[in-house]
Amino acid sequence: MSSLPLAFSAPLALAALALLPALWLILRVTPPRPRRIDFPPLKIMADLVAKREMPAHTPWWLLALRMIIAALAILAVAGPVWNPAREAGPLRGPMLLLVDNGFGAATDWPERLLVAESRVAAAAREGRPVAILGLAENPAEITLSEPRAALDRLRAFALQPHAPDRAAHLPRIEAFLRTAPDAEIVWVADGLSVTDDTAFLARLKQEADAGRLSIHAGPIDQLALTAPENLAGALAVKVLRPTPAAAASGQVRALDLKGLPLGDAPFVFNGSELQTTARLTLPIEVRNSVSRLEVVGERSAAAVALLDDRAKRRRVGIVSGATTDTAQPLLSPTYYVSRALQPFAEIREPRPGSTDPVGELLAQNLSVLVLADIGALDGDTVGKINAFIQRGGVLLRFAGARLAAASDDLTPVRLRRGGRTLGGGLSWETPRKLAPFTRESPFFGTAINDDVRVSRQILAEPEADLSRKTWAALEDGTPVVTGERRGDGMIAMMHVTADTTWSNLPLSGLFVEMLRKIVGLAGTGPAEPQGEDARVETLSPTRVLDGSGSFRSPPATAQPVARSFAGRATLAHPPGIYGPADGSLAVNALNPTDTLRAIDLASLGVAVLPVDKPVALDIRPQLLVLALLLLVADTLATLWLGGRLSIARQARRAAPAAILLALALGGTTLVPETARAQAVPPAPAAPAAPDQRPPIPRELFAAGAVTRLAYVVTGDRAVDEMSKAGLAGLNVVLGARTALEPGEAVGVNADRDELAFFPVLYWPIVAGRPIPTAETLRKLEAYMKGGGLVIFDTRDAMSARPGGGTTPEGEQLRRMLQTLDIPELEPLPRDHVLTKTFYILDGFAGRYDTGTTWVEILPPAGADGRRPARAGDNVSPIVITSNDLASAWAVNRRGEPLVPLSGSDPRQREMALRAGVNLVMYALTGNYKADQVHVPALLERLGQ
C-alpha cells in the first residue's frame, strides 16, 4: 500500500498519461471546422481586401481543455482512492472485521456501514481475504472469503434490536486466530456494554499489544428506557444514559396500540448521574391503554419500553368480614393485602356502614374482588359474584374462622370444616414450609422464602382433581393456595388468613409476588394443561421492533417464548409483543435491572478512529463527472468557433417552421368546451318517487339563514298537521316574547334528511308505525350527541293509568330507544335548569297536565344535601313527555287555538307555551341559567 494519501487500484492505467504529448500535437495540427459565411453580392464591393480571420490551428486554450479531459479520463480508469495513511505499519495477513450491529449502533448505523465497507475495499486493493462477524448475530464459525463476497455480506447486515453478546463469540474468535495468527482485527464498536465483556476486551488487548487491532467508534450518547411500572399515581419508567456527556434532558412519550400519543413526561439528569425517572401522570384508564413508551427523538430499540397486559393497573376491591379497629391497623385482615397490592393495583374499599359492600364494589368495574374471611353470603350477593366471575373477574378468598363455617360454593375446592392447627396445644406437627411451585402453577418461577411458615390452615377435601387445582402446597403436599377457572374468570383461595394469625406469609416478599400473579390473571385465566406437551404455555411474536425502534413483522429467526419468559431480548426472541392482545407478553431490549455502561476503549492502547467518514474514499465518480462537464464545455466552445451559436441565424432558420405551424393551426376549427357540452343532449332526470317528499334543500340553511324548529313526519296526516300547527304557534310566541326570530317550522324525514340543521326536533310517537331502521337510529344518536335536543311525545297521558301497563305509544317508544345509547333518565326535578331557563315553571303541561316529563339524570346530592342544577356543561339530549305539547301550541291562521285542553287550570295553555319557550331556550343557550344556583355561595364568599 502506498504511503501517499492517494492510491490507485489499477496503477498500470496511468501509463496512458505518456500519450498526452502526442495527443497535443495531433489536436494542434487539426484546425477547427471552417466558419460558414453567407455570400452577399454587394459585400464584395465593400470589402475588396481579403482578411484572414480564422486560425490555421486549434487555439491553445481549447487544446489545454482537451488535455485536461483526457487526463481526467485516464485517472478515473486507474481507480484513484483517497486513503489516509494508517498509523500502524502495513499488514499482509487476513482481516477479521468485527461489527457491533446491536441497538447501540442505531444512531449512526449508515456511517458505520460506510466505514466497514471502506476497510473491506482497502483489503481488496491489498489482496487480503476478509472474515466478517456481526457481534449481535448468533455465534457461528468464522471463515475467510474474497473481499467482494465479504462486501456483499456486509451490505446485507441488518441492525438488530438487541444488545450484542460479545463474550458468546469469543471461542470462535480464538479458533480463528489460531488458524490465522497474523490476522488484523478491525472492530467497529458502538462503545456500549450491557453484558459482561471483560474476557472479550482482555483478548483484544493482546491483539492491540501486537499492533494488529484497529477500532472505529462514534460518540456514546444514546438513551435507553427500562423498568416501566404502573404506580399508584403515575406511569414511571427509568431513563438510562452511558456517560454524563450524553443528553441531560428530554421527554418520554406514551402511545397506545394504534400508535396514538397519550401523553408526554420530561426527564432531567442531575449532575453526573446515569439514571433518572420519567413519570407520566395520567388517569388510570389512560395508563392502562399505554402499550409503548419511547424517548422523543431517539431512533433505537433500547429507547422503547413495551408494556403488556401485566403492566395494567387493575382495580381491586377488598371486603373484610371482621370488625376493623382503626386504632390498631396491624390487626386488620385487609392491612397486609392493601399494602401488598398498592404498588401495582388500585385499591377500592366499601364505604363505612355500607349495607351491600360487595354490590357497591362490583359496581365500580373491578378486576379482582378480595374477600378476607367472609363467611355467609346471601343469594343475591352470590349471584352478583358469580356473574362477575363469568365476565372474566377474579375472586380471591382468604381463610378464617368465618369461612370455615360457611357453606357457599364460591371456593375452588370443597373445604373440610374445621381448621388444621400446627404447633399448638393440639398440634399434629410443627409449622411447615412451602414446597417448590409446580410447572402448572401460576407462581412457577417465583423464588420461595425459606423463612415462610404456616401454623394453621383450612384443609381441602380430597378430590380426584385436587392436584390440578393446587397452586401452592406445603412440604407434605397439603394445599395452601388453590384455584379453579370458571367461565372467563376464576376463583383463587388462600387457605390461610390475610393477616399474620395463621402464618407469616403476609410479612414476606413472596406474598407480594403471589398477589401480583393472581391479579394478573384477571380477564385471562390460567391455561388448562392438555397432555405433556401443553404444560408450558408458549406465545408467538405478533409484532417486534427493528433496530431503530419501529414495529415490523416478526422475522424468520423469531421464536415463541414461554409465558414465564423474563429475560432481555435476543436474536431468537427480539423485542416486541408476544401472544394475543388480551394476554400479551412484552419482551424488551433491556431487563429492569440492566444499566448502560460505556466501554473504556482507551484502555486497549490503540487510537480510536471516528466513524463520521469512511477511511477510504473512491474518487472515480468525482473525476468522471468533472470530465463530463469539461466535455460539455469543449462542445460549446467548438460550436461557438464554428459559428453555430449565432442567435440571429437560428431565429432566421426557425421562422419558416413557425409560419407553417401558424398556417396549420389557422385551418383548424377549435370548438369550446361549453359548445361541446351544449351539443350533447342532457340525460333525462330520474323521476321522483310519488310517495316521498323531495329532500330539504341545503340552501335553506346557508350562512345567515334563520333558526328553524323541526318535527318528524310520521306518515299520519292528522298528527303531522298538528305538529306543524303546534310549532307554528310556538314560533309566534318565540318571536313576540324572546330575541329569537325563528323561521317557518320544517317537517323532516328522519331516514333521509339531515338533522344537524335543527336545534330542536319534535317527534310525536304514533303506535303501529314501522320502527326506524338501525341506520336512522344511529343518525339520531349522533344528532343527540352532537348537541341536538329531541322531544319524544307519546301523547298518551289520558290513556295511561297507574299500574295499568304500557300504552301502545309507550311500547312503540320503548322499542325505538332500546338500541339507542341514551343517558339514564329521571322525572324532571323541580330544581332542574329547564324549569328556569326563561320562565320559572313547576312542570311541563301540554294538552294534558297529568303526564311525567323525563330528562337526563342529574348528579347525586352533595354533602350539604343539595343537588346541582346541571350535569356538566351539556344539556339533556332527550326529553320524553306524554302531555301532547304540539296540540297545546297549535293555532290556526287567525291565531286561535285548534284543540281544547283537558286540564282544570285556566292558564294551562299559557303554561304549555312557556314550557315550549323554555325548551327552545334550553336547547339554544345551554346551562347558562344554572349558575344562578351558585349566586348565594358567591355572594357569601365575597362578604356581601
Side-chain angles (χ1 to χ4, degrees), residues 102-107 136 159-165 190-197 220-231 234-244 246-255 263-270 272-280 287 290-313 343-344 513 516 544-551 561 564-571 573-578 584-599:
F103 59 71
T107 55
L159 182 66
Q160 299 296 340
H162 55 270
D165 189 0
D190 58 22
L192 293 178
S193 177
V194 177
T195 58
D196 186 10
D197 298 322
I220 307 173
D221 57 356
Q222 186 173 121
L223 300 178
L225 296 180
T226 185
E229 192 173 4
N230 203 341
L231 301 176
L235 183 60
V237 62
K238 291 182 182 179
V239 187
L240 309 176
R241 63 175 179 174
T243 63
S249 61
Q251 281 196 333
V252 173
R253 178 165 297 164
L255 302 98
D264 293 349
F267 63 87
V268 177
F269 291 95
N270 296 321
S272 60
E273 65 180 7
L274 303 180
Q275 176 178 308
T276 187
T277 302
R279 299 173 63 90
L280 292 100
R287 280 185 278 140
V290 175
S291 64
R292 173 188 173 107
L293 298 172
E294 62 181 25
V295 179
V296 178
E298 288 284 331
R299 299 290 297 170
S300 168
V304 176
L306 301 176
L307 289 81
D308 53 24
D309 199 57
R310 299 172 299 179
K312 293 182 179 179
R313 191 173 183 86
F344 53 88
E513 293 301 321
R516 185 193 296 269
V544 299
L545 298 178
D546 58 14
S548 62
S550 301
F551 277 116
V561 298
S564 59
F565 182 83
R568 69 171 66 92
T570 61
L571 185 65
H573 308 306
I577 303 298
Y578 290 71
S584 61
L585 176 69
V587 176
N588 285 302
L590 296 175
N591 278 340
T593 57
D594 285 339
T595 58
L596 283 185
R597 302 183 302 274
I599 300 177

Next on the checklist: As an exercise, state the distance from CG of Leu571 to CD of Gln160, rounded to the nearest 0.5 Å.
Outcome noted: 5.0 Å
Item to check | Polar side-chain atom of Ser193 near backbone of Thr195 as donor-acceptor pair, under 3.5 Å | outcome: yes
Checklist entry - Should Asn591 and Thr593 be marked as a side chain to side chain donor-acceptor pair (under 3.5 Å) after you check the CA-CA gap, both sets of side-chain angles, and the distance that decides it? => result CA-CA 5 Å; Asn591 278 340; Thr593 57; 5.2 Å; no
Checklist entry - Looking only at atom types and distance, does a side-chain atom of Gln222 sit under 3.5 Å from a main-chain N or O of Phe103, one as donor and one as acceptor? => result yes
Item to check | Straight-line distance of Thr243 OG1 to Asp221 CG, nearest 0.5 Å | outcome: 7.5 Å
Item to check | Atom of Leu306, atom of Gly576 and distance for their closest heavy-atom approach | outcome: CD1-CA, 3.4 Å
Next on the checklist: Restricting to non-hydrogen atoms, name the atom on Leu225 and the atom on Ala303 that form the minimum distance, rounded to 0.1 Å.
Outcome noted: CD1-O, 3.4 Å
Checklist outcome for this item: Rounded to the nearest 0.5 angstrom, the CZ-CG distance for Arg241 and Leu223 is 8.5 Å
Checklist entry - Less than 4.5 Å apart, any side-chain heavy atom of Asp308 and any of Tyr578? => result no
Checklist entry - Which atom names give the shortest non-hydrogen contact between Ile220 and Ala598, and what distance separates them? => result CD1-CB, 4.2 Å
Checklist entry - Do Phe267 and Val237 come within less than 4.5 Å of each other through their side chains, counting heavy atoms only? => result no
Checklist entry - Got a donor-acceptor contact below 3.5 angstrom from the Thr276 side chain to the Val268 backbone? => result yes
Checklist entry - Going from CZ on Arg292 to CG on Leu545, what distance comes out if it is rounded to the nearest 0.5 angstrom? => result 6.0 Å
Checklist entry - Partners of Asn588 by side-chain hydrogen bond (donor to acceptor under 3.5 Å, both in side chains), sequence neighbours excluded? => result none
Checklist entry - Side chains of Leu307 and Asn230: closer than 4.5 Å at any heavy-atom pair? => result no
Item to check | Donor-acceptor contact present, side-chain His162 to main-chain Ala136, <3.5 Å | outcome: yes
Checklist entry - Looking only at heavy atoms, what is the nearest atom pair of Pro161 and Ala589, with distance? => result O-CB, 3.6 Å
Checklist entry - Do the non-hydrogen side-chain atoms of Leu159 and Arg299 ever get within less than 4.5 Å of each other? => result no
Checklist entry - If you take all heavy atoms of Asp594 and Thr226, which pair is closest and at what distance? => result O-CG2, 4.4 Å
Next on the checklist: A side-chain contact here means heavy atoms from C-beta on lying under 4.5 Å apart; do Phe551 and Val544 qualify?
Outcome noted: no
Item to check | Pairwise distance CZ(Arg253) to CG(Asp264) - rounded to 0.5 angstrom | outcome: 4.5 Å
Item to check | Sidechain-backbone polar pair: Asp190 side chain, Leu192 backbone, donor-acceptor under 3.5 Å | outcome: yes
